[in-house]
Amino acid sequence: MTIFSIPEATFLHELRRIERKWQKLWEEAHVFEANPDPSKPKFFLTVPYPYTSGPLHIGHGRTYTLGDVYARYKRMQGFNVLWPMAFHITGTPIASISSRISSGEERTIKLYESYVRLYVNDPKEIQRILRSFTKPENVAMFFAEVISNDFKSLGYSIDWRRRFTTGDPEYNSFVTWQFLRLKEKGFLSRGAHPVLYCPNDGNAVGEDDIQGGDEFRSEIVEFTGVKFRMSNSFLVASSLRPETLFGATNIWINPNASYVRAIVDGEEWIISEKSAEKLRYQAHEVIINERFKGADLIGRKCVNPVNGRELPILPALFVEDDNATGVVYSVPAHAPFDYVALRELQENPDLRKKLGVDPKIIEDIHPISIISIDGYSDFPAEDVVKRLGISSQLERDALEEATREIYKAEFYHGYMKDNCSIFSGIPVSEAKNKVKEWLKGKGLAVTIYETSPRPIYCRCGARIIVAVLKDQWFLNYANPHWKKLAWEALNRMQIYPRRYRKLFEDTFQWVALRPCARRRGLGTRLPFDKEWIIESLSDSTIYMAFYTIIHKIRQSGIRADQLTPEVFDYVFLGKGDPEEISNITGIDVSLLKSLRDEFDYWYPVDLRHTAVGHITNHLTFFIFHHAALFPPKHWPKAITLNEYVIREGAKMSKSKGNVLPLVEIPRKYSADLYRLYIVYAADLPTVVDWREEQVLSVLRRLRDFWNIANEILGRGDSPPRPKKLSIATKWLLSRFNTAIMRATNYLESYRFRDYVQESFFNILNAIGTFRRLAVNTPPEERAWAERYIFDKWLKLLSPVIPHVAEELWERMGGRKFLSTQQWPTPDEEFIDKDVELAIEVVERTINDVRDILHVIKRPGLSKVHLYVGPEEWKYKVCEILSSCASAKLNELIRNVMKDPELRKHGKEVVSLVRAVIDGKVPRFVPKRAIELYAFMELRDYIAQELGLKVFIHEATSPGYDPAHKAKSAMPGRPGVYIE
RNA sequence: GCGGGGGUGCCCGAGCCAGGACAAAGGGGCCGGACUCAAGAUCCGGUGGGUGCAGGCCCAUCGUGGGUUCGAAUCCCACCCCCCGCACCA
C-alpha cells in the first residue's frame, strides 16, 4: 500500500473532508434529482446497474465515473439530465452464493466474510450479516446498499429516488409486460437445448455451480452417434469426426466395461451401460433389456451404413465406456488411437490372447486413406505416431496430442478423397457437418452430447452431465423482421469509440436463438409458463424505461398487481384509454397520464455508457428489445464504451489478491483523486493500468492546483481590469480561452482523457508559464488575470473533480452550487493566435540560444543579440504557405509566385519556401509586428531564462551586427549572435 | 479454432480513420542544475546513437519483412507476438 508523505497525507485528509461535506450538501439540497421540465432540453444517460453479488472494484468504477463526468458536463451545458441507478439481483449467482453459505461451504463463507468486513467493523455484526446471507435477498440487499454508498462517496450525481432492484414486484410486473408483448410479436420460440446439468439437483448448472468452474472453461461437445446395423440392432458408435466414417475398418469396444441392449426411442441399440443412463437426460426414451460385458461382442460383425462394409468388433483398452456411447469406430489411417490400437493387436500375440482376439480377423485389416493433405502421407496417423514414438494405446497424453494435431491439420487443410461417395473432393471442414446432416436425415445418426472436460462435478458432489431440455424458451433474434428493426436501430446510433461498431455488426449477424429462461434463480416468472424464471440478461434490456416512472409508482403507492400489461402499454406506448385502464386497475387517471408524460419526456436514452464486454450480449439485446417494443423515436441514440482496468500491469483477480475494491478509494485515496486519475490514465478504448506511482503523481498535481487556487483566493477580490494588458497576460487569456473551446469539443466527442489533459494539466502548466513570462507584468495585473480565469476554470473542472471545485467555488463566494452553473464559453475577445505563436517563437529562440551555447562552449559569453522580424514579404510567404494544403515544392512556389510583389524576390522566395518545407522555418508564424513586440516585451524574461544580457534588434535595421546575423533572421526564427 | 482489437522511445500513453510542420504530445522514471545544513517536496534543463567552437549535420527508429508514394508511425500485403469476446456468466 502507498505510503504517502506527510504533506500528501494531510492534503488527502483535507480532500476527504471536503468530499464528505459536499456529498452531504448535494444530497440535502436534492441537486441531482431530475424532474421533467419542458423548458429545458433533456439528456437521459444510463450506465448498467451493478450486479449485487459482491463489492465493486476500481475497474467498475471507471465506467461509472465516466458516466458521471458526462452527466455533470451535460447538466452544466444546460440539459435537464437524468442519471439514475438501480441494482441487478436476477439470476443464479446470488442464489448459488446463498445456498453455498447455507450448506456451510468454507471457501464461500470466508470470501463473503472478507467482503462484509470491507464495510463493517464489528465482528458480531459481521457474523449476523453473514448468517443472513442464507437468504439470497439479503445478499442482494446488503450489496445494493453498500454499493450505493460507494457511489455516493465517489460523488456520483445520481437521482437516487429512482433506485430499484430487479427483484422488486413492480419490476416483475414490468418484465412480465415485456415478455407478453414479445410473445405476441412472435419473437419467442421453444425447442430442445443442451445444457450442463446436475442430475442430483435436477437443474442446469452454471460456472458458479461447477467445482473449479472459475479455473477452467467447461463446455458441451457434440458427438455423432452412428448406427452400425447388427442383425436387428444397431451398434451406436460415437465420433467427433463423422466424415471419417468412410475410412472405418472396425469397431472398438472396451472389453471390460458393461454394455447394454436397450430400446432407445423404439430402436434396439447396443451401447455402454453408462451412456444409456446419460441418454435418458438427452431427450431419449431408454429401456434397458439386457446387460453384458463388452468382451461378449468381440469377433462379431456389423455394417458401416455409408458403404455396407462389414466391420469386425474388436477390443481396445483406450475406449472409455463413460465417453459418449462407449463404442467407437476405428479409422486407423487418420486417428492415432485407432492406428496404435490396431497395430498392437496385429503385432502383439500376448495382447491378442489376453483380449481373446482371433488373429485371422485382424490380419486383413488395413488403414483406409480417405483424406488428402499436404505435408502428410496417405496415413497421417502413422506419420504422427512414428514421429512422436508412440507404441501403446495407453499413452493417452501423447495420443491426444497427436489427435489434436491431425484433427486441426485435416480440418483446415484436408480434402475428402475419391472414396467418399458424394463428399469426394470437398474440404474436410465442410464435409464434417454435411456427412452428419446426411446421416441424420437418413435416420442413421444422432447427436450425443458430452461435457468437456470430462468428468466435471457439481458443488453438490454429483457428476455433471449434458441434458437436453425439450421445451427451452428462446428469444428468437434470428427472426428476420426483428433483426431488420434492430439493424435499423443500430444504423442510426452513434457508437464511440468507432472501432467497436464492427463488433456490434458481427454480433447482429450471428445472434440467433438465445435461451431466455431457467428453472431456478431469482427473477420474474414467465407469465405464460410459470415453471420458468426469466434469465438475467433477458430481463435487463429496456429497464431504462422503468427509471422514468418507478419513483412515482412508489410515491403514489401503486401496488405491483395494479401494474397490468395495459398500464405499461399506455405509459410506454401510448396505447389504450387511460380512463378505462384507471377503472380496471384503480390507478388514478391523472397519475397514469403523469407516468406517460414522464416517460415521454425522458425517452429515448440519449447515451448508454458501459464496458466493452457488454457488446456481444447486453448491448445487443438492449438494441434488439428497444427495436422490438418501441417506435423508432424511442430507440437509443448513442453508446459509449470503455475498456477495463488492471493494476500494476497485472489483471486483478481474487486468486492474486490484488483486487482494489471501490470502497477503499474514498478512504485510502480520495474520490476526486480517483476520478482525475481514472479518466486521465488512458483513452476509452485503452486498458487503464492503475499504477500507484502515477496515482501519486496525479495527487501532486491536484495539490499544485489546490495551492494555486487558494493562493488566488487568498488575494481577495479581483482587482479592476487593467487598461492595457501585457503580452504575458494576453497569452494566458488566449491560451485559457482556447482551452475552454478545446475541452468542450473533447467532451462533445467523448474524448474524456483529452478533456482532462486540456482543462487540468495544460492550464496548470500554462499558469506556471504565465508566472515566468510575467516578470514585467504588474502584480495587480497578474492577480487580475489569474482571477479572471479562475471561476471559469473551476467550472471546467467541475465534472471531473466536483468536490474540490465545489469547495473552491464556495470559498470564492460563488452562488448556489457550482454543479448547477452554466458551462463556460470562450471569450473570443481574448483568443489571439498571433500572441500564442509569438510566445512559441520566443520559447524556441531561448532553446536555440541554449543549443548554441552548448555547442560553442566558449567562456566569457555574457550577451545575446536577437535580430527579430525580417522583411514583411517573408511573413507574407509564410502566411500563404500556412494556408496551402499541398506540400509539393513546385505547387507551393507557384502559389506564392501568384503575388506580383513576391515575384520580385524570385530566388529568395524559392529558398524560403524550401526552408519552410525542410522545417527550418516554422510554417505557422505570428505577424511580424507581434513577433517584434513579443521579443521587446519579454526581453527580461529571456534574459532571466538564459542568464545573459539580451539585446533585441529589428532585423531590417540592426544597430549592432558584427557577425551579420540580421540577414539570417527568418519569420518565427530570429537571428542570434552571442558574445 | 472463429470473430474483434492492438504492438509507438527505459516504462505508461497520445498520434494512425482524413500520409507531409513527427525524434514523435503528456505523465512516470533516470541524469544534470537551482533551492536546502541535509533529505523530501518544488522549480529549471536534458534523456536513440554519433558528430559539430553558431542554432546544424549524419545514421538508426514507431513488432518483423515487403509494397504504394516525391514523402509512411500513419495506406496496402505477408508474417510474428499480445489482449478481448464466443452466449445461459453477470
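All of these numbers come straight from a predicted model, not from anything done at the bench. Chain letters run A, B, ... following the sequence lines, proteins first, then strands; residues in each count from 1.
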Sugar-phosphate only, base, or nothing, as touched by Ser968(A) at under 4.0 Å among non-hydrogen atoms: base
P spacing across the pair A18(B) / G5(B), given as an integer number of angstrom: 15 Å
Distance, C1' atom - from G27(B) to A14(B), rounded to whole angstrom: 11 Å
Side-chain N,O (Ser697(A)) to OP1/OP2 (G27(B)) below 4.0 Å: no
Watson-Crick/G-U partner (both atom distances under 3.5 Å) of C43(B): G33(B)
Sugar-phosphate only, base, or nothing, as touched by Pro497(A) at under 4.0 Å among non-hydrogen atoms: nothing
Thr90(A) versus Thr166(A), side-chain donor and acceptor atoms under 3.5 Å: yes
Heavy-atom donor-acceptor pair, Arg701(A) side chain to Leu696(A) backbone, under 3.5 Å: no
G28(B) and C80(B), which share atom name C1', separated by this distance in whole Å: 30 Å
Sugar-phosphate only, base, or nothing, as touched by Glu693(A) at under 4.0 Å among non-hydrogen atoms: sugar-phosphate
Touch class at under 4.0 angstrom, heavy-atom based, for Arg700(A) against every strand present: sugar-phosphate
G6(B) OP1/OP2 closer than 4.0 Å to side-chain N/O of Arg499(A): yes
OP1 or OP2 of C88(B) under 4.0 Å from side-chain N/O of Thr92(A): no
Polar side chain donor-acceptor pair, Arg100(A) to Ser96(A), under 3.5 angstrom: yes
G33(B) phosphate, OP1 or OP2, under 4.0 Å from Arg850(A) side-chain N/O: no
C22(B) - base-pair partner by Watson-Crick or wobble geometry, distances under 3.5 Å: none
Sugar-phosphate, base or nothing in reach of Tyr644(A), heavy atoms under 4.0 Å: sugar-phosphate
Sugar-phosphate only, base, or nothing, as touched by His88(A) at under 4.0 Å among non-hydrogen atoms: sugar-phosphate
Distance, C1' atom - from C75(B) to C83(B), rounded to whole angstrom: 25 Å
ring-ring contact (aromatic ring centres under 6.0 Å, His included) against Tyr543(A), all qualifying residues, sequence neighbours excluded: Tyr49(A), Tyr547(A)
Sugar-phosphate, base or nothing in reach of Phe761(A), heavy atoms under 4.0 Å: nothing
Contacts of type ring-ring contact (aromatic ring centres under 6.0 Å, His included), residue Phe770(A), not counting sequence neighbours: none
Touch class at under 4.0 angstrom, heavy-atom based, for Val864(A) against every strand present: nothing
Expected output: side-chain Asp689(A) to main-chain Gly649(A) donor-acceptor under 3.5 Å: yes
Phosphate contact (G46(B) OP1 or OP2) by Asn847(A) side-chain N/O below 4.0 Å: yes
Nucleotide forming a Watson-Crick or wobble pair with C10(B), both distances under 3.5 Å: G28(B)
Ring geometry between Trp706(A) and Phe11(A) (parallel below 30°, tilted from 30 to 60°, perpendicular above 60°): tilted
P atoms of A90(B) and C81(B), separation to the nearest Å: 35 Å
Rounded distance in Å - CD (Glu219(A)) to P (G1(B)): 14 Å
Rounded distance in Å between the C1' positions of U74(B) and U68(B): 14 Å
Sugar-phosphate, base or nothing in reach of Pro93(A), heavy atoms under 4.0 Å: sugar-phosphate
Mate of C57(B) where both pairing distances stay under 3.5 Å, Watson-Crick or G-U: G50(B)
Any Arg771(A) side-chain nitrogen or oxygen under 4.0 Å from OP1 or OP2 of C44(B): no
Sugar-phosphate only, base, or nothing, as touched by Arg703(A) at under 4.0 Å among non-hydrogen atoms: sugar-phosphate
Sugar-phosphate, base or nothing in reach of Leu853(A), heavy atoms under 4.0 Å: nothing
Pair of N/O donor and acceptor under 3.5 Å linking G55(B) base with Asp848(A) side chain: yes
Nucleotide paired to G85(B) in any strand shown, Watson-Crick or G-U, under 3.5 Å: C2(B)
Contact pattern, 5' to 3', of nucleotides 10-15 of chain B - B, S or - by protein heavy atom under 4.0 Å: -BSSS-
Salt bridge (charged side-chain N to carboxylate O under 4.0 Å, His left out) partner of Glu758(A), chosen from Arg753(A), Arg735(A), Arg751(A): Arg735(A)
Between G32(B) and A54(B) - C1' atom distance, rounded Å: 23 Å
Sugar-phosphate, base or nothing in reach of Gly975(A), heavy atoms under 4.0 Å: base
